[in-house]
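Notes for the one structure printed next.
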Amino acid sequence: MSASKPPPLISRRSHAPCPVCGEISYSHTGVHPQCSVRQADAKRLEQLKRQRKARTPPAVAVSPWQRLCPRCKAVQHVRKKMCECGCNLELTRPRPPAGAAT
Ligand SMILES: [Zn+2]
Ligand SMILES: [Zn+2]
């Protein structure tokens, strides 16, 4: 009885590892189809992330009991109905009451 193992049917050396996941790919391009999709998507996701970062307004410390006046951007107490600039804060509630619009 021979102890030697038969050679693998598919030689690992003849296939380059996928540059994305590092696993051996048997596709002719050397990249798994799902990996090439992921690679193409990564660029787009990175771009979206950058866009989202650029769009976020500068962080302003606003407590739950405070809000910003939409006109002069001054921090106002939530119970305050009018800002010093004359802006009606009642009309600019951050969240409308539940069930108001159906
Ligand atoms: Zn892969
Ligand atoms: Zn104001």
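No side-chain heavy atom of C87 sits less than 4.5 Å from a side-chain heavy atom of C72. Inter-residue side-chain proximity for L45 and K49 is flagged as unmet; no heavy-atom pair is nearer than 4.5 Å. N88 places none of its side-chain heavy atoms less than 4.5 Å from the side chain of C83.
Once rounded to the nearest 0.5 Å, the distance linking CD of E46 with CG of D41 reads 12.0 Å. To the nearest 0.5 Å, atoms CD (E90) and NZ (K81) are separated by 5.5 Å. Here the straight-line distance linking atom CG of L89 with atom SG of C69 works out to 5.5 Å at 0.5 Å rounding.
Under a 4.5 Å side-chain heavy-atom criterion applied to ILVMFWY residues, the cluster that includes V31 comprises V20 as well. Other cluster members for M82: none, since no ILVMFWY side-chain heavy atom sits under 4.5 Å from it.
Across C35 and C21, no two heavy atoms sit closer than the pair SG-SG, 3.7 Å.
Within the structure, the side-chain hydrogen bond (donor to acceptor under 3.5 Å, both in side chains) test picks out no pair touching residues 30-40 (sequence neighbours left out).
Remark: the backbone N or O of Q76 is not paired with any side-chain donor or acceptor of R67 at under 3.5 angstrom.
Under the salt bridge (Lys or Arg N to Asp or Glu O under 4.0 Å) criterion, R79 pairs with no residue, sequence neighbours left out. Under the rule for a side-chain hydrogen bond (donor to acceptor under 3.5 Å, both in side chains), R50 has no partner lying at least two apart in sequence or in another chain. E84 meets the salt bridge (Lys or Arg N to Asp or Glu O under 4.0 Å) test with K80; sequence neighbours excluded.
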